Every structure is written in C-alpha cells, then in structure tokens.
Amino acid sequence: MGRDVPALTFTREDRRRYRIKMQECLDTFAQMLRESRFEAERPQVGLEIELNLVDDRAEPAMRNTDVLEAIADPAWSTELGRFNLEINIPPRRLTAGGPDAWEAEIRAALNHAERRAGSVGARLIMTGILPTLRQEDVGEGSLSENPRYRLLNDQIFAARGEDLHIEVTGIDRLRTYADTITPEAACTSTQFHLQVSPERFADYWNAAQAIAGVQVALAANSPFLFGKELWHETRVPLFEQATDTRPQEIKVQGVRPRVWFGERWITSVFDLFEENLRYFPALLPLCDDQDPAETLERGDTPELGELTLHNGTIYRWNRPVYAVAHDAPHVRVENRVLPAGPTVADTLANGAFYYGLTRALVEEDRPVWSRMSFSAAEDNLRTAARYGIDARLFWPGMGEVPASELVLRRLLPLAHRGLERSGMDDAWREPLLGVIEQRCVTGRNGAVWQKEMFHHIEAVAHCGRHEALRRMTQQYIDYMHLNAPVHTWPVD
C-alpha cells in the first residue's frame, strides 16, 4: 500500500461503491487475461529494501522525514514507523550489466543515503528487527506522519474493536498488548519482485510458496524483539499479529488473516485477486474516477486502482502484483518472506538463490507442488521462522531433513541450473550461490551471529541486556558496511 491517501472517514456508501468498483476491476482483469494484453517479452526483476534509522548509539532514531529530505531521491520513501525508510531499486533484467552491476548500484544508493542521513544525525541499518528497539519506541508517537498510516491504523482497529495481542515464545516469552499497529514497524524486510507472463504466474507463485520456508531458514535475521530472545525470524509471527484485524471470536470462526500464506496451490493469477475480494473486507475504500471497462474498450490500459489498493492491504507472503509501466500492464510475484540485511552481499545471494531455484522448479517435468501438500509448505515456513538454519524441513523424496542438508544436496544444484538457464555463467553464479553454500556449511546466518554476539558481550562485559544488545548492534553496523557476508563475521 505505497500510495498516498487523504485523511478521512468512510461511510457505508463509500464501501458500497468500492465493492462495486472492485468487482468491475476484477471483471476487467479477467478480460485482459483472456485477451493476453500483458507485457511479457522482456521480464524484469526488482528489489525493495526496508531499513531502520538509528542514532550514534545504535538506538532508534525517529527521523525519517528529516532523512528523506536530506536524501532528496524519489526512490526513497517513508514506511510505517518514524524510524523506518524504504528504497525501491529500479527494475532491471536479471543478467543486465554484468555480474557486479546490480551490487554496485545498490551499494551506491545506500552509501549516498547513509552520508545524507549522517548530516541530520542518523544512520541506516539493514536488519529484520532492530535489536535495540524497546516497546516504548513503537507507541502512537512513532507512527510516520503520512496520513495513510494513520488511516490504516484507524481502520484496522475499527475492524478489530480491541487492542492487538502480541505473544511469541522462544528462548524468552513476549506477551503484550498494543493500541496502535506501530509494532508492525519493527518488521523490516527485503522484497524480491519477479515479472512473469500471466500464463506462467501460477507456476512461479506455487514455486515461491514451496521454498518460502527454505528461504527463511537460510536468511533468518530477527532473533530479538523488545529486549527478548524469541524466534530466529521473529518478524514472521510479529507481522502476522501486528496487522490482525480479527478479534479472538472471529479467528476461531475460520476468518482468514490479512497476513496470509494462503490455503491452496493456484492455477491462475486470477485466483489470488478473486480470493482478495471474496475473503477480505476493504480497509481503505477509496474510489478513483477511472472506469476500467471503458478504459480497456477504447484501447487504453486501466490502472485497476481499487483492485490494486485492496491488494496492498492484504499481506500475502508471496503477493501478486498488477502494475502498468510505460502504458503496458504486467503481473509479477512479490516475494516478501525475507528480512532485511545483513549486507548487500547477503541480499544478492538470497536473490540469486530465489530467482534461480524458482525457475528450475517451474521447469521440472513434475512440479514440486504436485508432490507436496500446501500445508507442508506452510508448516515449513513456520518451522523455519522458529528455528532458522537449524530447522528440519519437509521436501518431497527426502522427507524431513535439516535445512542445510536439503539446500546442499538438492536445492543449490537446482538454483545453479535455473540461473544458468537465465544466462548467468559459472563465474557469476559461483560467488553468489557460494554465499548460500557457506551459510549451510558453517550453520551461520544473521540470526545466529546476533545471538552468539549478544551472549558473548553479555558474558564478557557483564553488562545489562539492553546494553549488550546495543553493543552488538553497533558491531553489526560496522560489519554491515564492510559488506562481507554474515557467515564470515567473527564473534569476539
């Protein structure tokens, strides 16, 4: 839900009109699918990274408005919390520019932003959850100034009718309540986009769902929240709970959550947009003036504004996206399961694994989703979020195996094959997927390093928990800027 919206209240008439417009958009989308009116000749990939802002002590810095003004680049935008920012890296062909081009572009953008943030007393950090974040940092005053966040907050609580209940049990136990959605701002992610043809969308979405747990196991980077040591990827349960519009009685009736893995393999991108209308009431019933059917009939491309706005308030871990670029419509898979960080090198390794593996799985004679239950894929995600790289995951033909073994024996060769078919030669693939291999060999990802470093500091310095988290976060930032993959980071 990246668009700006006005601050207002909604009437029953607004909701009725919006429901009608969403159905008109869905009908028009179905017609476009039948007539193959989509850009698919030059598929592109994209990347969004959410970041946290900290001060010189690695504590949250509520300065996103000031930092955005200092950066002065439209690729950057606010996120839910005043201590968050997001960068949208321009889309590109996967193999455009040679092996180092994308990394150089991302690092240049982040380094420029870091310098500009420094001019107003802030620093950037890529991590799934900021370790120094305290519960008092996510109150109403930390909500970003953009009216869309206030409006979204009001609509979620109007639907829910009571405070949010957040409960996560790991090494420690967190049990608390929140009267705003701002705890969601603690969740900062990396989002990989993959443009595909409508005809292949279902295959790529199913493949992305099948490997979601593997991705999280490899890249977990969110072990701490509000000073407590919880899941390896605490971001997953936190995000699910911090945007939940359902009171307890509605949950037990089987109403779907807005942060949703889904419930079935699909046969068309249409399935997902149709589910959106069938299962989820509108949070932001804002209608635009465009008539989608009339626009299509005169030969123009409809924006499908109501459909896309509604889709942006349903937080699937793999989300369908409809968009118009250069007057041509396209669809893409938005992969949302991964945390931010720790480094650009780690991020691009995660991307290479995702893009290569999904392509290889799509091109298999017998797709993995025909040999694996949907519930098994969902269970993998939950298990991986809890145990990280130590998780045991299910995979067809192997049963339940350690995540590292699954990747090394079965999935890394597939990822190499998929990237090779995408035009990447060995010299390009090996450094990227070598990072994934070494994570598996060493058993070390961002979450493991954070936990080990925290306990080391706590034992050696004999300091309090928050101070140990603060020192660990400062060290994390220093290593992040070196851009060495996290499996190489020392603990000392």
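In what follows, residues are counted from 1 in the order of the sequence shown. Note that the structure is predicted; figures quoted are calculated from it, not measured.
Nearest heavy atom pair, residue Ile389 against residue Arg439, reads CD1-O, 3.3 Å.
Using a cut-off of 4.0 Å between Lys/Arg side-chain N and Asp/Glu carboxylate O, Asp137 and Arg134 are scored as not salt-bridged. Checked for salt-bridge contact, Asp244 and Arg246 meet the test: a charged N lies under 4.0 Å from a carboxylate O. Of the charged side-chain nitrogens involved, none lies within less than 4.0 Å of a carboxylate oxygen, so that Glu39 and Arg332 do not count as a salt-bridged pair. In this structure, Arg382 pairs ionically with Glu240, as a charged nitrogen and a carboxylate oxygen lie closer than 4.0 Å.
Considering only heavy atoms from C-beta on, Thr78 stays 4.5 Å or farther from Asn84 through its side chain. Taking 4.5 Å as the limit, every side-chain heavy atom of Leu307 sits out of range of all side-chain heavy atoms of Asn276. Contact check for Glu50 versus Gln191: side-chain heavy atoms found under the 4.5 Å cut-off. Proximity of Thr473 to Gln450: side-chain heavy atoms (C-beta onward) are nowhere separated by under 4.5 Å.
Under the side-chain contact (heavy atoms from CB on, under 4.5 Å) rule, Phe83 has a single partner from Asn64, Leu133, Thr188, which is Leu133.
Cation-pi geometry between Arg258 and Tyr315 is not satisfied (NZ or CZ under 6.0 Å from the ring centre, within 45° of the ring normal).
Taking a 6.0 Å sphere around CG of Asp478, one finds it holds more than 12 heavy atoms contributed by other residues, nucleotides or ligands. No more than 12 heavy atoms of other residues, nucleotides or ligands lie within 6.0 Å of OH in Tyr387, so this atom counts as exposed by the packing criterion.
Panel note: side chain Asp73, backbone Trp76; no donor-acceptor pair is recorded below 3.5 Å.
Inspection of the Asn335 and Gln215 side chains reveals an N or O donor paired with an N or O acceptor under 3.5 Å.
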